[in-house]
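By convention in this document, chain letters (A, B, ...) are assigned in the order of the sequence lines, proteins followed by strands, and residues within each chain are numbered from 1.
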Amino acid sequence: MAINEETVKHVAKLSKLEIDEETIQTFTEEMNQIVEMVEVLEELDTEGVEGTYHGLQQTNVWREDKAVKGTDREELFKNVKTQKDGYIEVPDMFDNGEGQA
Amino acid sequence: MNFLDYTLEELHEKLVNKEWTAVELIESVYEKIEETDEKVGAFLTLNKEEALEAAREADKNGIDPNNILSGLPVGIKDNISTKGVRTTAASKMLEDFVPVYDATAVEKLKQAGMISVGKLNLDEFAMGGSTENSALKTTRNPWDLTKVPGGSSGGSAAAVAAGQIPVSLGSDTGGSIRQPASFTGLVGMKPTYGRVSRYGLIAFGSSLDQIGPFTRTVKDNALVLNAISGTDDKDSTSYRGETPDFTENIDKGVKGLRIGVPKEYFHEDAKETAIVSSVRQALDEYKKMGAEIVEVSLPHSKYGIPAYYIIASSEASSNLQRFDGIRYGYRSENINSLEDIYVKSRSEGFGMEVKRRIMLGTFSLSSGFYDAHFKKAAQARTLIRQDFDKAFEQVDVLVAPTTTSTAFEIGGKIEDPLAMYMADVLTVPVNLAGVPSLSIPCGFSEGLPIGMQIIGRPFDEQTIYRTAYAYEKATNHLTKKPVFKGGE
């Protein structure tokens, strides 16, 4: 088993996801199946083969250095849930000893 | 009014001759949706007022006789941003998200005079092959309502197949245009990577994603691709070369054309033998029309699925980091700290399949597994791309089945993620290589459509359309229409 429940918990943490115990079990099984399936790649001889990381072999795309009007600030704030004085408002980041945000 | 009865050119002619006004045309779209969408479930959002306003404008200004798309309706997959119209990606995460700009492809269609009538269902964030992963709605196949329409662009396919609209846009990361086109008897194009700007497309696998059209006929499809293609300053991966007229020489025929048959794509022992035999019949048809049929090999095909699921999931895990509950999208109500905003908003906002892919991608990119997974997959991708390069030294296009089955039962595969992944075996290599591929109808199996894909050289969509057009003219698959069989 390439993946155990501890790995799944670790990966969930890296992914900023919270997963309940039951789902951890399901994911452990499913991810093992998937990882087993992708491990067929191991048999492939890739010695000296460069990887392909892009959809198009096109490099250094520049645009003219010209000022253009950006999107209106008010427009951009339309989908913001909580705001104050032109900033996005979020809960306290650091515990200042005063309890809840 | 049934869009299944008309090509875009015929609709255009009726608008120019004032047999119909644009307003009447758009009204008939909403009537047809009213009449059929309770069964089909293709649309997530309708923007009727806005569409009728655009139609009134088109009638007032007059239909441009030189612009076929002017005044015609289109539906947009709901992972493509539309200014002022809710764009959800079929996710709880974006259920109330209203973009403040249009995707370039949408802007281009509007410039061409097309009228967007609404947004179409999909698998959440385009992850899936049946549209069952939508957090918002179930979409059914108009040929048989107990079957899936395919995915991820299932709504885009179902709406055109049901005759609600003549054209829709979808997106294809691993087959998400071609497979639903195949399941619903439509023409669906995955253009060469870079042909159509990805600006405004909600990113899934950025090195694989392409936007493309669904239509009933091959020429309609070429006309729409004409409108949405081109270099875009807002997408540095958009192609810097020329955009040809894809309808040019479309009726030139296939005499002397070299058609490659990739042997790895013909599973003679497959459960549904009708698929391989229909494509073989199509090849016989091509031979009769003067094409040369050549067997070729794409030896690394079997590594397509593993390489694809590593690369697409890795890119997705990175792309979906932006959904953090801060700037836009779902925010959990259950928060006491900044970390809670991220973790609880993501955990409550994303569905199971999206979480599964984020986890797989994060795992593939994580310390200790990067070399064996992500790097190895990228190398396999090079070998797959070289397979296509070599094949295209011998032939002009490749012809193969699009899928290994016809549309399956709703609920048939959703509990088995691996089986759902394996079903993409014939479509993902094309995305990994970046080449264009068009799926067209080539027959029926027990009343359900079969699709055949025509794969071309990079940026040679013209030859693909020419090949497809010749077959469409020589056959009569288009005369069959969906029957809305079954359902509750």
Side-chain angles (χ1 to χ4, degrees), chain A residues 2-3 7-8 10-20 23 26-27 30-31 33-47 49-58 60-64 68 71-72 75-82 88 90-95 100-101, chain B residues 97-98 100-101 193-194 206-208 233 236-237 239-240 300 302-303 305-307 309-310 317 321 324-329 331 335-338 340-344 346-347 350 352 355-356 358-360 362-363 366 372-373 375-383 385 417-418 421-422 432 434:
Chain A
I3 294 184
T7 326
V8 170
H10 174 64
V11 173
K13 193 167 171 235
L14 293 175
S15 310
K16 297 242 182 271
L17 291 171
E18 207 169 52
I19 293 174
D20 62 45
T23 314
T26 324
F27 269 15
E30 286 172 359
M31 283 189 57
Q33 285 175 12
I34 296 169
V35 167
E36 208 172 287
M37 177 274 284
V38 301
E39 277 173 353
V40 63
L41 289 176
E42 279 173 16
E43 70 187 41
L44 194 59
D45 180 10
T46 52
E47 185 71 37
V49 176
E50 283 285 326
T52 296
Y53 298 97
H54 302 282
L56 185 63
Q57 312 304 310
Q58 183 172 268
N60 292 347
V61 175
W62 308 105
R63 64 170 167 78
E64 214 182 317
V68 289
T71 311
D72 190 73
E75 285 275 298
L76 286 174
F77 266 71
K78 275 188 176 164
N79 285 289
V80 172
K81 293 274 191 284
T82 48
I88 298 170
V90 296
D92 292 346
M93 264 184 247
F94 304 105
D95 184 2
Q100 303 271 300
Chain B
F97 176 66
V98 179
V100 297
Y101 58 85
Y193 183 85
S206 301
S207 78
L208 307 158
D233 284 343
S236 63
T237 65
Y239 180 50
R240 306 270 129 182
H300 296 93
K302 73 176 221 193
Y303 304 106
I305 289 281
Y309 276 94
I310 290 173
S317 76
Q321 283 179 56
D324 56 8
I326 305 281
R327 293 170 197 81
Y328 52 86
R331 183 185 292 178
I335 43 176
N336 294 309
S337 67
L338 189 66
D340 274 358
I341 291 197
Y342 304 146
V343 175
K344 296 205 185 296
R346 289 166 64 81
S347 303
F350 289 137
M352 279 295 270
K355 287 180 188 169
R356 202 178 277 126
I358 291 175
M359 300 267 294
L360 177 63
T362 304
F363 175 74
S366 68
H373 281 245
K375 191 178 167 203
K376 192 82 178 176
Q379 290 171 315
R381 184 177 184 177
T382 302
L383 297 171
R385 212 187 61 211
L418 198 61
Y421 294 179
M422 298 314 277
L432 291 169

Under 4.5 Å from any heavy atom of chain A, what part of Leu418(B) do you find: side chain, backbone, both or neither?
side chain
To the nearest 0.5 Å, atom CZ of Arg356(B) lies from atom CD of Glu30(A) at 4.0 Å
Max heavy-atom pair count under 4.5 Å with chain A, selected residue of Pro306(B), Ser206(B), Gly194(B)
Pro306(B)
Under 4.5 Å heavy-atom distance to chain B, tell me which part of Glu47(A) shows up: side chain, backbone, both or neither.
neither
Atom OG of Ser236(B) and atom CD of Gln58(A): how far apart are they, to the nearest 0.5 Å?
8.0 Å
Output for pair (Arg346(B) CZ, Ser15(A) OG), nearest 0.5 Å, gives 7.0 Å
Roughly how far, to the nearest 0.5 Å, is the CZ atom of Arg381(B) from the CD atom of Glu50(A)?
14.0 Å
What pair of heavy atoms forms the shortest contact from Tyr53(A) to Ser207(B), and how long is it?
O-CB, 4.0 Å
Side chain / backbone / both / neither for Arg385(B) at chain A, heavy atoms under 4.5 Å
side chain
Relative to chain A, which segment of Tyr239(B) carries a heavy atom at a distance below 4.5 Å: side chain, backbone, both, or neither?
both
Would you give the length of the straight line joining atom CG of Leu76(A) to atom OH of Tyr101(B), rounded to the nearest 0.5 angstrom?
9.5 Å
Under 4.5 Å heavy-atom distance to chain A, tell me which part of Thr237(B) shows up: side chain, backbone, both or neither.
backbone
Measure distances from Ala377(B) to the heavy atoms of chain A and classify the residue's part below 4.5 Å as side chain, backbone, both or neither.
both
Against chain B, label Asp45(A) side chain, backbone, both or neither, depending on which of its atoms sit under 4.5 Å from a heavy atom there.
backbone
Could you tell me which portion of Phe27(A) (side chain, backbone, both or neither) has an atom closer than 4.5 angstrom to a non-hydrogen atom of chain B?
side chain
Whether over 12 other heavy atoms sit under 6.0 Å from Gln57(A) CD:
yes
Under 3.5 Å, is there a donor-acceptor pair between the side chain of Asn79(A) and the main chain of Arg327(B)?
no
Do Tyr303(B) and Glu43(A) come within less than 4.5 Å of each other through their side chains, counting heavy atoms only?
yes
Looking only at Ile341(B), Asp324(B), Asp233(B), Asp340(B), the option with the highest number of non-hydrogen pairs under 4.5 Å against chain A is Ile341(B)
Report which part of Met37(A) has an atom under 4.5 Å of a heavy atom belonging to chain B: side chain, backbone, both, or neither.
both
What pairs with Lys78(A) under salt bridge (Lys or Arg N to Asp or Glu O under 4.0 Å), at least two apart in sequence or on another chain?
Glu75(A)
With a cut-off of 6.0 Å (strictly less than), are more than 12 heavy atoms of other residues, nucleotides or ligands near CD of Glu39(A)?
yes
Top of His300(B), His373(B), Gln321(B) for chain A proximity - count of heavy-atom pairs under 4.5 angstrom
His373(B)
Pick one of side chain, backbone, both or neither for Glu42(A), based on which atoms fall under 4.5 Å of a heavy atom in chain B.
backbone
When Lys13(A), His54(A), Lys81(A) are compared by non-hydrogen pairs under 4.5 Å with chain B, the top option:
Lys81(A)
Below 4.5 Å from any heavy atom of chain A, which atoms of Ile310(B) appear? Answer side chain, backbone, both or neither.
side chain
Taking side chain as C-beta onward, heavy atoms only, is Thr23(A) less than 4.5 Å from Met352(B)?
yes
Counting only heavy atoms closer than 4.5 Å, note whether Leu208(B) contacts chain A via side chain, backbone, both or neither.
neither
Engaged part of Glu18(A) at the chain B interface, taking heavy atoms whose separation is under 4.5 Å:
both
Which portion of Thr71(A) sits near chain B, non-hydrogen atoms under 4.5 angstrom
side chain
What part of Met422(B) is in contact with chain A, defined as an atom under 4.5 angstrom from a non-hydrogen atom: side chain, backbone, both or neither?
side chain
I need the minimum non-hydrogen distance between Leu17(A) and Phe350(B), along with the two atoms involved.
CD2-CD1, 4.2 Å
Under a 3.5 Å distance rule, please check whether Lys16(A) uses its side chain to pair with a backbone N or O of Ser347(B) as donor and acceptor.
no
Could you have a look at Thr82(A), Leu41(A), Val40(A) and say which one has the most heavy-atom pairs with chain B under 4.5 angstrom?
Leu41(A)
